[in-house]
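All figures in this text were calculated on a predicted structure; none of them were measured in a lab.
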Amino acid sequence: AVECGYWQLYRYNPVDESFSLDSKEPTGDFKAFIKSEVRYASLAKAFPEVAEELFDKCEEDAKRRLDGYKKLAGK
């Protein structure tokens, strides 16, 4: 999940309010990862016409979230 960018690793220290992003740039295939998850595979089987659109939105959201974390970390 971390390798493809679906999930990011980070640390926050509330004492000194520091935020550290531990994840590196995603290198894996995002859609291959989510299609290997049962919940997403079930969606693709039940609603194939909208599944790809939702998978694209999910990938965009993950990228946007990573960009926000990078800003918080000062990267």
Side-chain angles (χ1 to χ4, degrees):
V2 174
E3 185 180 301
C4 72
Y6 180 82
W7 191 261
Q8 290 81 30
L9 299 176
Y10 58 86
R11 290 176 280 157
Y12 176 72
N13 184 348
V15 174
D16 62 3
E17 296 184 3
S18 64
F19 181 88
S20 299
L21 181 63
D22 297 331
S23 298
K24 296 182 172 123
E25 284 295 318
T27 58
D29 184 5
F30 189 90
K31 286 187 183 177
F33 170 76
I34 61 173
K35 288 179 181 179
S36 71
E37 295 282 306
V38 173
R39 56 191 161 168
Y40 294 114
S42 298
L43 175 66
K45 286 181 183 177
F47 303 100
E49 61 281 349
V50 296
E52 283 299 317
E53 181 182 331
L54 293 173
F55 293 165
D56 290 338
K57 181 168 178 5
C58 183
E59 186 172 11
E60 290 171 17
D61 290 345
K63 287 178 182 177
R64 189 178 8 246
R65 192 170 48 250
L66 178 59
D67 289 341
Y69 290 153
K70 284 180 182 177
K71 287 179 185 175
L72 287 173
K75 293 184 177 183

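In terms of heavy-atom proximity, Cys58 sits nearest to Tyr40 at SG-OH, 4.1 Å. Closest approach of Ala44 and Ala51 over heavy atoms only: CA-CB, 3.6 Å. Here the closest heavy-atom approach between residue Gly5 and residue Ala62 is recorded as O-CB, 3.5 Å.
For the pair Lys31 and Asp56, the minimum side-chain heavy-atom distance is below 4.5 Å. Counting heavy atoms from C-beta on, the side chains of Glu3 and Phe33 never come closer than 4.5 Å. Under the 4.5 Å side-chain criterion, counting only non-hydrogen atoms from C-beta, Leu66 is in contact with Leu21. A heavy-atom distance below 4.5 Å is not found between the side chains of Glu59 and Tyr6. Taking the side chain as every heavy atom from C-beta outward, Tyr69 and Ser23 never approach each other to under 4.5 Å.
Val2 and Leu72 fall into different hydrophobic clusters, defined by Ile, Leu, Val, Met, Phe, Trp and Tyr side-chain heavy atoms under 4.5 Å apart, directly or through other members.
Salt-bridge check for Lys57 with Asp61: passed, with a basic side-chain N closer than 4.0 Å to an acidic carboxylate O.
A distance-only check finds no donor-acceptor pair linking the side chain of Ser42 to the backbone of Arg39 [under 3.5 Å]. Between the side chain of Glu52 and the main chain of Glu49, no donor-acceptor pair closer than 3.5 Å is present.
Here OH of Tyr10 is found 6.5 Å from CZ of Phe19. Values are rounded to the nearest 0.5 Å.
Lys70 NZ: more than 12 foreign heavy atoms inside a 6.0 Å radius.
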